[in-house]
Amino acid sequence: LIVLLDMVHSHASKNAADGLNQFDGTDTCYFHGGGRGEHSLWDSRLFDYTQWEVLRFLLSNLRYYMEVFRFDGFRFDGVTSMLYHHHGIGTGFSGGYHEYFNMNVDTDAVVYLMMANEMLHSLYPGVVTVAEDVSGMPATCRPVAESGLGFDYRLAMAIPDKWIKYLKEEHDDDWSMGNIVHTLINRRHGEKVIAYAESHDQALVGDKTLAFWLMDAEMYSNMSVLSELTPTVDRGIALHKIIRLLTMGLGGEGYLTFIGNEFGHPEWLDFPRKGNNESYHYARRQWNLVDSDMLRYKFLSAFDGAMQCLDKKHDFLSAAQAYVSRKHEDDKIIVFERGNLLFIFNFHPRKSFADYQVGVDVGGKYVVALCSDADEFGGHSRVQLSTEFFTAPESYDNRACSLKVYIPNRVALVLCRED
């Protein structure tokens with residue numbers, strides 16, 4: 001277990017009474033003066049990273065939490081805002097180098113981040129730093145010695161946005177396997193990212209979690225195992241499982257879940273504020289839901305645990321980036337290999353496929369490592385878990401060998417090669 005602290009060195013509160021703002025009576029103490037020192041969307045102050053006292057303050061802040069509280073590392077908040085003079089406001093990034101290496105880059109902030117990471121990794125060899133950056137700045141997760149920013153990981157922020165977009169705007173029949181795969185693998189080779197299916201923003205008031213988008217009001221009435229398994233809940237549980245597994249398997253070198261979402265928490269999170277009359281009603285996570293053996297939340301939680309055990313046993317998150325051999329739009333099938341595992345996903349809302357041929361590069365005997373349709377995960381037990389699969393020396397989908405599987409609709413199947 002490691003503990004990371006969310007570190008905000010990208011901006012600071014405008015509070016002049018007990019904050020840094022106007023600490024010496026001017027607007028240039030710790031911050032840029034004028035418009036450059038103001039963040040128009042966040043209504044906050046922006047640090048001047050050229051000031052000696054700013055660097056001392058921020059770097060000392062990092063060391064304080066490492067040495068006094070013994071944190072294992074940091075998630076740096078708002079890195080995109082730091083990297084560019086435009087702070088990412090109204091700006092899209094396609095990945096072209098011309099978007100990153102120009103006069104819009106705030107080189108003072110870049111140098112500070114390099115300095116912070118170099119200091120942390122030099123003084124605390126086991127430290128972990130994660131950048132919250134949506135832009136995909138090249139070399140963010142390469143060592144400072146290579147002229148990188150020095151982070152260990154970057155958050156893959158486009159992934160949760162993609163899932164929410166599909167759930168909000170697209171019918172299941174219109175989901176594009178190619179587009180989903182592109183979003184999941186769209187990262188720079190050699191730079192590690194943390195993948196996640198839903199973010200803290202989607203669990204806060206004003207939006208919905210994945211589970212809420214999938215099942216909505218039926219989460220209040222039909223999550224009991226004693227009640228009828230309605231089509232809405234059946235679809236929701238099935239998609240919630242395979243969305244998470246696909247994100248974990250294909251999306252990065254680490255996996256993140258927001259507290260409670262591992263079991264499909266039904267409600268948003270809202271802290272006391274003027275807009276809710278300082279209410280604590282939604283400032284909670286309802287752990288009693290997953291603890292109850294009579295509710296279907298236990299199935300989603302059990303599947304999350306099975307995903308973690310799968311990685312612990314096979315270490316696929318540390319394996320090289322996956323090879324995607326199939327993304328079939330009509331069948332709604334995605335197939336990829338990572339490490340010694342073969343992942344097969346069927347997103348089709350209705351069609352199940354018997355003797356479905358999939359390619360695999362290394363021949364031999366394969367067995368079931370994980371199936372989302374297992375009874376313990378609230379599935380329908382349509383796949384015989386004791387089945388053994390033997391490859392044929394027949395190339396398929398640009399792979400050297402192939403095998404055939406039964407893959408039901410809205411099911412993920414993971415096979416493991418037995419040496």
Side-chain angles (χ1 to χ4, degrees), residues 1-8 65 69-78 128-132 134 152-164 167 193-216 219-220 223 236-237 239-249 251-273 276 278-293 295-312 317 377-378:
L1 177 68
I2 66 171
V3 181
L4 306 182
L5 178 65
D6 193 19
M7 182 58 66
V8 184
Y65 282 107
F69 292 97
R70 301 294 182 181
F71 279 97
D72 299 294
F74 304 97
R75 168 199 177 270
F76 280 75
D77 180 83
V128 176
T129 60
V130 182
E132 186 204 26
V134 72
D152 297 292
Y153 297 92
R154 178 178 64 83
L155 292 180
M157 300 176 69
I159 296 176
D161 292 341
K162 176 60 65 176
W163 288 125
I164 289 297
L167 292 176
V193 305
I194 303 293
Y196 51 114
E198 53 189 326
S199 73
H200 61 287
D201 292 329
Q202 290 150 2
L204 294 173
V205 66
D207 209 332
K208 299 180 182 180
T209 63
L210 283 182
F212 224 15
W213 277 112
L214 286 164
M215 294 174 276
D216 206 49
M219 298 195 78
Y220 296 113
M223 289 300 280
I237 290 177
L239 285 178
H240 199 277
K241 290 182 291 187
I242 64 177
I243 284 173
R244 285 183 289 156
L245 181 59
L246 180 59
T247 300
M248 184 179 186
E253 289 69 39
Y255 178 72
L256 170 71
T257 185
F258 183 73
I259 184 170
N261 289 352
E262 69 273 15
F263 64 86
H265 198 283
E267 292 177 339
W268 54 87
L269 186 67
D270 191 16
F271 297 105
R273 54 189 175 85
N276 64 11
E278 306 297 337
S279 171
Y280 283 85
H281 182 70
Y282 291 109
R284 62 179 180 173
R285 296 282 89 178
Q286 299 184 68
W287 302 111
N288 59 297
L289 298 176
V290 71
D291 291 338
S292 173
D293 197 50
L295 297 176
R296 293 189 169 101
Y297 297 100
K298 66 179 181 179
F299 299 133
L300 298 176
S301 178
F303 189 72
D304 187 87
M307 293 196 309
Q308 309 306 323
C309 289
L310 184 71
D311 178 60
K312 185 175 182 179
L317 283 173
F377 308 132

**OP:** I would like to know whether L239 and W213 meet side chain to side chain contact (heavy atoms under 4.5 Å, CB included); could you show each step before the answer?
**Re:** CA-CA 11 Å; L239 285 178; W213 277 112; over 6 Å; no
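The salt bridge (charged side-chain N to carboxylate O under 4.0 Å, His left out) search around R296 returns none, not counting sequence neighbours. Residues satisfying the salt bridge (charged side-chain N to carboxylate O under 4.0 Å, His left out) criterion with E253, sequence neighbours excluded, are R187, R338. Residues satisfying the salt bridge (charged side-chain N to carboxylate O under 4.0 Å, His left out) criterion with K162, sequence neighbours excluded, are absent altogether. Among residues two or more places apart in sequence or in another chain, the ring pair (Phe, Tyr, Trp, His ring centres under 6.0 Å) test is passed with Y255 by none. F69 is linked by a ring pair (Phe, Tyr, Trp, His ring centres under 6.0 Å) to Y64, Y65, counting only residues two or more places apart in sequence or in another chain. In this structure, the salt bridge (charged side-chain N to carboxylate O under 4.0 Å, His left out) partners of D77, at least two apart in sequence or on a different chain, are R75.
Judged by distance alone, with hydrogens and angles left aside, the side-chain atoms of K241 form a donor-acceptor pair with the main-chain N or O of F377 at under 3.5 Å. Proximity of a side-chain donor or acceptor of T247 to a complementary backbone N or O of I243 within less than 3.5 Å is detected. Judged by distance alone, with hydrogens and angles left aside, the side-chain atoms of E198 form a donor-acceptor pair with the main-chain N or O of L210 at under 3.5 Å. Not a single donor-acceptor pair under 3.5 Å links the side chain of D311 to the backbone N or O of Q308.
Scanning all heavy atoms of the two residues, the minimum distance from K298 to D293 falls at NZ-O, 2.8 Å. Between V130 and L4, the shortest heavy-atom distance links the atoms CG2-CD1, 4.1 Å. When all heavy atoms of A283 and P272 are compared, the pair lying nearest together is CB-CD, 4.3 Å. Between A211 and H265, the shortest heavy-atom contact is CB-O, 4.2 Å. Counting all heavy atoms, side chain and backbone alike, W287 lies closest to G260 at CH2-N, 4.0 Å. Minimum interatomic distance between S301 and V290 (heavy atoms only, all atoms of both residues): CB-CG2, 3.3 Å.
To the nearest 0.5 angstrom, H240 atom NE2 is 10.5 Å from Y297 atom OH. Separation of atoms CD1 (I194) and CG (L155) is listed at 7.0 Å; rounding is to 0.5 Å. Here the straight-line distance linking atom CE of M223 with atom CD1 of I237 works out to 4.5 Å at 0.5 Å rounding. Here the straight-line distance linking atom CD of E267 with atom CZ of R285 works out to 8.5 Å at 0.5 Å rounding. From T257, atom OG1 reaches atom CE of M307 across 7.5 Å, with rounding to the nearest 0.5 Å. Distance CG/L300 to CG/L295: 11.0 Å, rounded to 0.5 Å.
Taking a 6.0 Å sphere around OH of Y280, one finds it holds 12 or fewer heavy atoms contributed by other residues, nucleotides or ligands.
Inter-residue side-chain proximity for Y196 and M157 is flagged as met; some heavy-atom pair is nearer than 4.5 Å. A 4.5 Å side-chain heavy-atom check between W268 and Y282 finds at least one atom pair inside the cut-off.
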